[in-house]
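Each ligand, and each atom within it, is numbered from 1 in the order the structure gives. Note that these values count all heavy atoms, side chains included, but never hydrogens, waters or copies made by symmetry.
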Amino acid sequence: MASSHLFFHSLSLYVIFLIIIKVSQVHAIGSVFNVQDFGAGPDGKTDSSQAFLKAWNQTCQNNGGGTILIPTGIFLLNTLTFNGPCKGPIFFNINGLLKAPLGKCKDDYWILFQHIDGLTINGEGSLDGQGPSAWSLYNENGPNPPSSIKFNGMSNALIQGITSINSKFFHFQINKSKGVRFQNLSITAPDESPNTDGIHIGDSNDIIINKVNISTGDDCVSIGPGTSNVLISEVNCGPGHGISIGSLGKYQNEGDVNGVTVTNCNIGKTQNGLRIKSWAPSPPSKVFNVTFDNINMNYVENPIIIDQHYCPHSSCKNQGDSQVQISDVKFINIKGTSASKEGVVLDCSKSVPCQGIELRGLELTLNGQQTTTATCSNANMKFFGPQTPSECT
Ligand SMILES: *[C@@H]1O[C@H](CO)[C@@H](O)[C@H](O)[C@H]1NC(C)=O
Ligand SMILES: *[C@@H]1O[C@H](CO)[C@@H](O)[C@H](O)[C@H]1NC(C)=O
Ligand SMILES: *[C@@H]1O[C@H](CO)[C@@H](O)[C@H](O)[C@H]1NC(C)=O
Ligand SMILES: *[C@@H]1O[C@H](CO)[C@@H](O)[C@H](O)[C@H]1NC(C)=O
Ligand SMILES: *[C@@H]1O[C@H](CO)[C@@H](O)[C@H](O)[C@H]1NC(C)=O
């Protein structure tokens with residue numbers, strides 16, 4: 001009796017053991033696709049584009065999804081599109097260095113991920129956009145240079161661990177997506193590199209950016225039209241142009257921006273700190289429910305700036321106001337040093353003045369000693385409690 005009980009007991013353990021082996025085999029053999037098995041060459045000379053596409057196709061079409069494994073080494077990749085939908089979640093595991101082609105590219109992306117639900121990009125690898133070979137070849141009147149990685153129509157994506165270097169345009173661009181999280185990333189390009197925004201978000205919602213270090217030539221993070229529910233935290237930004245909402249109002253029928261929180265970030269040696277900008281003139285849209293909280297500034301030229309007369313090119317002077325309505329924006333506990341006398345600039349639209357701008361707990365000094373100023377026009381704002389600057393001049 002006792003021994004047959006023991007027998008069945010060990011039999012069932014054995015069956016469970018077999019099942020575990022079976023499951024882990026399926027996981028290991030069935031769902032990991034190494035790009036080298038498809039002909040990718042880690043030598044920095046072979047064009048591995050077709051190999052990556054084949055590996056992608058296999059992984060994406062695999063029932064239950066899988067991992068596309070990029071080993072260490074240098075892989076040259078042309079402009080590439082990884083299309084979904086896929087038959088399960090996909091892990092894009094980058095351990096090596098992916099290198100973009102030199103010079104100009106035909107599309108506005110180098111690598112495009114499109115229509116995928118449940119993509120994770122991870123690993124300890126890097127992307128080199130080879131920006132220095134292209135920055136001088138583009139101008140503002142022609143087509144945009146390629147973003148290193150563009151996401152289009154994605155849902156539930158996670159990007160973590162990797163490094164992006166020297167993009168030709170934006171490092172990461174998110175379009176028409178929902179539920180995208182960036183964490184533990186490093187993004188770098190030289191201070192003077194043109195339009196190398198770290199992460200640009202447009203027409204998307206539920207975006208989280210956490211623990212990302214960004215030093216680049218343009219905005220560390222820029223939030224474009226049609227975006228809601230964005231949380232940016234523990235970001236180290238600089239050099240660069242700071243964290244921006246905008247530019248807004250460049251085109252007709254842009255969506256609103258709302259529900260943006262930027263908290264616990266360090267911004268250093270940047271042109272701007274926290275900025276909202278809209279073109280003048282510009283068609284109507286709205287920005288509302290924005291909170292900037294607990295931000296440390298280190299030698300930032302314009303720590304807090306709302307600029308509704310944004311017009312970087314000479315072509316658009318004095319042709320009317322911005323119709324972008326900015327309301328319910330809080331700046332709380334913004335501390336540190338400004339590189340200029342102007343700690344706060346609120347330059348709002350004459351025809352749709354800013355409403356409900358709150359400033360609390362500001363401590364912005366010039367060189368750690370002198371107080372900074374605040375200048376405001378067309379802004380309905382309130383300074384709460386003792387702070388520096390303490391009122392608009
Ligand atoms: C990948 O799949 C797509 C769609 O099924 C097909 O058009 C393309 O040729 C495939 N590419 C490769 C490299 O297998
Ligand atoms: C962050 O990413 C790096 C590089 O991929 C990795 O070594 C490290 O373990 C990651 N840290 C965390 C907390 O995930
Ligand atoms: C965003 O995606 C939509 C739909 O695919 C497309 O029409 C639009 O051009 C894209 N915008 C950008 C900036 O890529
Ligand atoms: C970001 O920078 C901080 C401070 O230098 C460092 O501790 C952290 O590991 C960096 N994170 C990444 C993802 O590089
Ligand atoms: C404001 O936005 C935050 C997200 O940043 C959201 O949680 C909150 O519900 C929004 N508040 C209102 C009144 O819409």
For the cysteine pair C376 and C348, state whether the SG atoms are less than 2.5 angstrom apart.
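Their SG atoms do not fall under 2.5 Å; no disulfide, then.
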
Is there less than 2.5 Å between the SG of C265 and that of C237?
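No disulfide here.
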
Considering only heavy atoms of K176, which atoms of ligand 3 have at least one such atom less than 4.0 Å away?
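In order of numbering, the contacting atoms are 1 (C), 2 (O), 3 (C).
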
Applying a 4.0 Å heavy-atom criterion (strictly less than), which segment of N258 is in contact with ligand 5: side chain, backbone, both, or neither?
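Near ligand 5, N258 shows nothing, with every heavy atom at 4.0 Å or more.
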
N152, portion touching ligand 3 at heavy-atom distance under 4.0 Å
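The part of N152 near ligand 3 is the side chain, not the backbone.
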
Starting from [atom], which protein heavy atom do you reach first, and at what distance in Å?
atom	result
atom 13 (C) of ligand 3	Q173 NE2, 3.8 Å
atom 2 (O) of ligand 3	N175 ND2, 2.2 Å
atom 4 (C) of ligand 2	G161 O, 3.3 Å
atom 9 (O) of ligand 5	N289 ND2, 4.7 Å
atom 6 (C) of ligand 2	E124 OE2, 3.5 Å
atom 5 (O) of ligand 5	T261 OG1, 3.0 Å

Regarding [X] and [Y], is there a side-chain donor-to-acceptor distance under 3.5 Å anywhere?
X	Y	answer
N294	T263	no
S278	Q308	yes
Q114	N83	yes

I'd like to know whether ligand 2 has S186 as a neighbour, heavy-atom separation below 4.0 Å.
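False for this residue.
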
Below the 3.5 angstrom mark, is there an N/O of V230, backbone or side chain, next to an N/O of ligand 5?
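It does not: no N or O of V230 is found under 3.5 Å from an N or O of ligand 5.
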
Within a distance under 4.0 Å of any heavy atom of N229, pick out the atoms of ligand 5 and give their elements.
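Answer for ligand 5: 4 (C).
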
Aromatic plane relationship, Y310 with W279 - under 30° parallel, 30 to 60° tilted, over 60° perpendicular:
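Perpendicular: the ring planes of W279 and Y310 meet at over 60°.
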
Return a yes/no value for K150: is any of its N or O atoms, backbone included, closer than 3.5 angstrom to an N or O of ligand 3?
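Between K150 and ligand 3 (N or O atoms, distance only) the closest approach is under 3.5 Å.
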
Going by side-chain hydrogen bond (donor to acceptor under 3.5 Å, both in side chains), R275 matches just one of D307, N302, D219. Which one?
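Of D307, N302, D219, side-chain hydrogen bond (donor to acceptor under 3.5 Å, both in side chains) with R275 is met by D219 alone.
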
Relative to atom 14 (O) of ligand 2, which among I162, T163, N184 owns the nearest non-hydrogen atom?
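The nearest heavy atom belongs to N184.
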
Pi-cation contact, F38 with K54 (under 6.0 Å, within 45°)
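Pair K54/F38 does not count as cation-pi.
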
Please say whether more than 12 non-hydrogen atoms of neighbouring residues, nucleotides or ligands are located less than 6.0 Å from NZ in K330.
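Above 12, so yes.
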
Please report whether atom 11 (N) of ligand 3 has a protein non-hydrogen atom at a separation of less than 4.0 Å.
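It does; a protein heavy atom is within 4.0 Å.
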
Does the gap between the ring centers of Y138 and F169 come in under 6.0 Å?
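Not close enough - the centres of the two rings lie 6.0 Å or further apart.
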
